[in-house]
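Please read the structure below before turning to the comments.
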Amino acid sequence: MTQKMLSEAEGYDILRKYDLPVPEYQIVKSGEDAAHAAERMGCPVVMKIISPQIVHKSDAGGVIVGIGSRKAALGAFTKIIDGAKAYNPDAHIEGVIVEQQAEPGLELIIGGRTDPAFGKVITFGMGGTMVELMKDVTLRILPITEDEIRQMIKEINAYPLIAGYRGSKPRDEEELVRIIGNVARFFEENERVVEFDINPIRLYEKGACAVDARVIVNDEIAVVEKVARIPVPMEYFNPRSIAVVGASQDSSKMGYAVMHNLLHFPGQLYPVNNKRSEIQGLKAYPSITAIPAPVDLAVITVPAIHVPAVIAECGAKGVPMAVIITAGFKEMGEGGKALEDRVLEIAKRNGTRIIGPNCLGVIIPPRGIDTTYVHQSPKPGNIAFISQSGAIINTVVDWSLAKNIGFSNVISVGNQSDLDFLDYLRYVGKDEKTKAIIMYIEQITDGKGFMEVVSEVAKIKPVIAIKAGSSRRGQAAASSHTGSLSGSYDVYMEAFRKSGVIAVHTLTGAFLAAQMLAHPKRYPKGKRAVIITNAGGYAVLSSDYAERYGVEIVDLPKEVIDELNEFLPEFWNKGNPIDLLGDATEKRFEKTFSVLAKHEDLWDIAFIITFPNLVLTSEQMAKQILKFSGMTPNRLVATLLGGDSMNTGREILKEHDIPSFEELDYTYRVVGRVLWQKFRVKAPGLL
Ligand code: ADP
Ligand code: MG
């Protein structure tokens with residue numbers, strides 16, 4: 001498949017078909033013709049080089065604007081041709097385009113490209129020759145609605161230049177909406193177009209005009225094969241019997257650790273080893289077919305070369321699913337890929353579903369299942385963690401024990417030869433124990449399929465994702481087209497946003513967000529906040545953080561202040577954040593909470609921030625917070641600041657799925673990120 005760049009003139013012709021404003025033009029091959037064309041069109045005109053080898057015409061001295069006469073057109077022709085030859089002696093020069101000079105206007109860019117995972121993407125932002133410098137662009141994955149187009153326009157930093165800034169008249173935003181809509185349609189309808197940019201398009205108080213168009217087409221249409229996927233039955237994740245093939249008595253072997261972690265499994269556990277008759281206290285079998293009862297799940301740790309035979313045996317035995325922990329497959333290159341294909345082919349033939357290979361497998365703490373070799377199994381809980389990295393699972397599990405965080409499922413996806421992210425998402429989406437889902441993602445191949453599935457799951461359960469690979473290093477493209485302006489990471493971020501997934505950057509952030517959203521109330525219904533604290537300093541910091549992360553602090557109406565005045569000390573701050581002062585007792589909090597619950601329509605989210613002291617224990621605080629939460633449908637977020645002395649309160653809250661944060665900045669970051677996903681608040685900050 002080869003790609004070719006259309007000429008500016010061909011680009012204009014296509015755009016015109018989509019009712020997009022472009023200048024009149026004529027292609028000329030001599031100075032004399034250029035002079036005629038200029039005369040016919042009426043000066044001033046612009047002349048530009050036409051050569052498939054010259055992508056950036058300005059760089060080659062290939063653009064001359066403001067040509068005001070016949071004579072100037074003659075001179076410009078020679079100058080452009082000579083300049084182009086000097087710039088690139090091998091460039092094939094097709095001629096020169098003479099076009100009407102458009103009025104000065106706000107220069108914008110509308111571009112498009114094809115993402116390998118998510119398909120066609122459209123970008124919009126500040127244009128002109130300084131696009132790379134400004135990097136003020138936003139993107140959307142097609143298809144796109146008119147609402148999204150309007151949102152996209154408002155999203156760029158330079159939006160005030162469109163809306164009218166400091167006395168300048170507003171520009172034709174409606175025309176811009178229409179143009180982006182038509183451009184999106186052009187991109188969607190023309191399958192061969194893989195990339196384009198219209199840079200610049202000039203926007204006026206009335207109307208607009210595109211003055212450059214670069215369109216790249218494939219010589220053939222890429223056919224994406226849609227493989228029919230067979231869903232995995234839920235009960236496959238609830239086996240009553242497990243066989244470990246490669247189970248070992250030697251503690252330095254993987255088969256030992258896996259066996260060891262499965263000893264707590266309440267169902268039947270069968271070690272398979274052709275050299276020993278007993279392993280870790282259990283009767284061992286020479287092969288999986290020798291087991292005298294049905295096997296629901298096989299866990300395989302034997303060397304890669306033996307895996308095809310073991311999978312064939314699983315087929316003979318009628319094992320519905322196998323976890324292949326062994327590495328040495330696709331990740332090792334061609335040879336490994338061939339081996340993996342063979343394994344998959346055998347599995348398919350027998351209807352055996354495969355997890356992995358090259359993975360840790362699954363941990364389902366509520367069912368006592370742990371096929372991994374993690375140091376210590378995690379506790380049961382309500383978070384599902386799906387990870388593309390085994391090492392991250394090891395660290396997260398270890399860390400969760402110290403933090404007293406539990407899991408409904410921990411899944412290491414490995415090479416995803418058969419079951420992939422989509423299957424696991426569907427499963428945890430339906431799994432009753434799972435209240436929030438965290439994914440660690442390096443790469444997704446079927447982006448569209450992913451969006452479809454994750455959008456459905458995110459409607460019923462919060463989904464949080466960490467995407468690795470945000471650095472531009474290694475991301476191809478030094479060219480000035482849109483490709484280098486928005487990397488594939490940005491496309492992932494947009495895919496997440498569009499599908500209702502909360503994107504975060506840190507594991508701590510992921511778990512805090514998951515804990516917050518695991519509560520049955522899930523998302524706050526809006527961004528209006530009340531803040532209640534006994535710590536003046538934190539009231540000030542709260543205002544700073546709230547502003548930074550997009551949380552809106554509401555003004556309390558007189559009526560509420562009056563009600564609070566009735567019992568609060570005379571010199572309280574009479575505003576929001578509500579500072580109950582350092583000597584605030586349980587009672588003072590309780591009364592304040594009931595006033596706020598009574599006026600629950602005024603706010604969507606309450607931040608409660610307390611520090612350890614002698615008049616208020618963390619238990620008392622937790623008790624009041626729970627009572628408050630029971631009185632209102634609004635979301636509460638607690639920050640019990642301090643060290644271990646607050647732990648009792650934190651634990652009580654955690655049992656009721658109310659996370660209590662230890663660092664105030666994090667509280668607002670998490671809420672800001674959640675609001676960003678739900679309400680697209682500006683400047684949510686990183687998490
Ligand atoms: P490049 O290949 O370098 O992107 P362009 O065709 O975008 O070349 O031209 C460079 C600049 O010249 C544009 O950013 C625009 O400001 C100006 N320009 C180009 N064509 C016209 C035109 N028809 N009318 C007015 N200005 C133009
Ligand atoms: Mg240009």
Side-chain angles (χ1 to χ4, degrees), residues 512 516 528-549 551-600 602-603 605-632 634-654 656 658-671:
L512 289 174
M516 176 178 162
R528 300 167 308 158
V530 286
I531 299 163
I532 310 100
T533 182
N534 58 351
Y538 286 110
V540 184
L541 276 177
S542 277
S543 310
D544 297 349
Y545 295 148
E547 187 174 295
R548 182 170 309 152
Y549 301 122
V551 175
E552 181 190 320
I553 304 182
V554 293
D555 290 328
L556 298 178
K558 180 164 181 310
E559 185 194 351
V560 177
I561 306 249
D562 286 346
E563 279 178 51
L564 291 170
N565 273 338
E566 276 173 31
F567 58 87
L568 288 183
E570 203 188 340
F571 38 88
W572 80 282
N573 67 323
K574 300 183 176 57
N576 186 15
I578 304 168
D579 181 3
L580 300 184
L581 303 165
D583 63 349
T585 54
E586 185 180 0
K587 203 83 208 145
R588 203 181 284 169
F589 272 98
E590 187 179 20
K591 286 183 177 164
T592 307
F593 288 162
S594 31
V595 171
L596 291 172
K598 200 174 115 195
H599 296 280
E600 65 189 19
L602 294 175
W603 54 277
I605 181 160
F607 290 88
I608 300 139
I609 303 147
T610 61
F611 69 97
N613 67 33
L614 290 172
V615 293
L616 182 74
T617 66
S618 73
E619 288 105 303
Q620 289 174 322
M621 203 55 242
K623 200 177 92 199
Q624 290 307 328
I625 291 170
L626 288 178
K627 200 170 140 202
F628 185 19
S629 186
M631 291 193 291
T632 169
N634 293 349
R635 275 305 319 246
L636 305 191
V637 178
T639 313
L640 303 191
L641 295 162
D644 290 349
S645 69
M646 300 305 259
N647 279 351
T648 321
R650 288 176 187 144
E651 283 309 317
I652 297 172
L653 292 175
K654 188 183 279 168
H656 293 84
I658 296 184
S660 82
F661 298 86
E662 291 174 35
E663 165 74 50
L664 191 58
D665 176 80
Y666 259 90
T667 313
Y668 287 92
R669 263 178 211 266
V670 169
V671 174

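Leu568 places a side-chain heavy atom less than 4.5 Å from the side chain of Arg588. The shortest distance between side-chain heavy atoms of Tyr668 and Ile531 falls below 4.5 Å. Between Ile609 and Leu541, the closest side-chain pair of non-hydrogen atoms is not below 4.5 Å. Taking 4.5 Å as the limit, every side-chain heavy atom of Arg635 sits out of range of all side-chain heavy atoms of Val671. Counting heavy atoms from C-beta on, the side chains of Ser543 and Pro577 come closer than 4.5 Å. Residues Leu640 and Leu653 are in side-chain contact: their nearest non-hydrogen atoms beyond the backbone lie under 4.5 Å apart. Side chains of Asn534 and Val615 form no contact here, defined as non-hydrogen atoms less than 4.5 Å apart. Counting heavy atoms from C-beta outward, Arg650 and Asn647 have side chains that approach closer than 4.5 Å.
Rounding to the nearest 0.5 Å places CG of Leu581 at 10.0 Å from CH2 of Trp572. Rounding to the nearest 0.5 angstrom, the gap separating the OG1 atom in Thr639 from the CD atom in Glu662 is 10.5 Å. Between the CG atom in Leu636 and the CZ atom in Phe593 there is a gap of 7.5 Å [rounded to 0.5 Å]. Note that CE of Met621 is 10.5 Å distant from CD of Glu590, once rounded to the nearest 0.5 Å. Annotation: the span from Glu586 atom CD to Lys591 atom NZ amounts to 12.0 Å, rounded to 0.5 Å. Note that OG1 of Thr610 is 7.0 Å distant from CG of Leu641, once rounded to the nearest 0.5 Å.
Across every non-hydrogen atom of Ile561 and Gly575, the tightest pair is CD1-N, 4.2 Å. The heavy-atom pair separating Gly649 from Ala622 by the smallest distance is O-CB, 3.6 Å.
In terms of modelled atom types and a separation under 3.5 Å, the side chain of Asn576 and the main chain of Ile553 share no donor-acceptor contact. The backbone N or O of Asn634 sits nowhere less than 3.5 Å from a side-chain atom of Trp603 that would complete a donor-acceptor pair. For the pair Thr533 (side chain) and Ala535 (backbone), a donor-acceptor distance under 3.5 Å is present. Side chain of Ser629 to backbone of Ile625: no donor-acceptor contact under 3.5 angstrom is found.
Ring centroids of Phe589 and Phe628 are separated by 6.0 Å or more, keeping the two rings apart.
Contact check on Asp665 versus Arg669 returns a salt bridge, with a Lys/Arg side-chain nitrogen under 4.0 Å from an Asp/Glu carboxylate oxygen.
Counting non-hydrogen atoms of neighbouring residues, nucleotides and ligands closer than 6.0 angstrom, the CG atom of Asn613 exceeds 12 such neighbours.
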**Message:** As a quick check of understanding, evaluate salt bridge (charged side-chain N to carboxylate O under 4.0 Å, His left out) for Lys558 and Asp562, giving each step before the final call.
**Reply:** CA-CA 6 Å; Lys558 180 164 181 310; Asp562 286 346; 2.8 Å; yes
**Request:** Could you walk me through whether Val530 and Leu556 pass side-chain contact (heavy atoms from CB on, under 4.5 Å), step by step?
**Result:** CA-CA 9 Å; Val530 286; Leu556 298 178; 4.2 Å; yes
**Prompt:** Does the side-chain contact (heavy atoms from CB on, under 4.5 Å) test come out yes or no for Met516 and Val637, once each step is laid out?
**Reply:** CA-CA 8 Å; Met516 176 178 162; Val637 178; 4.1 Å; yes
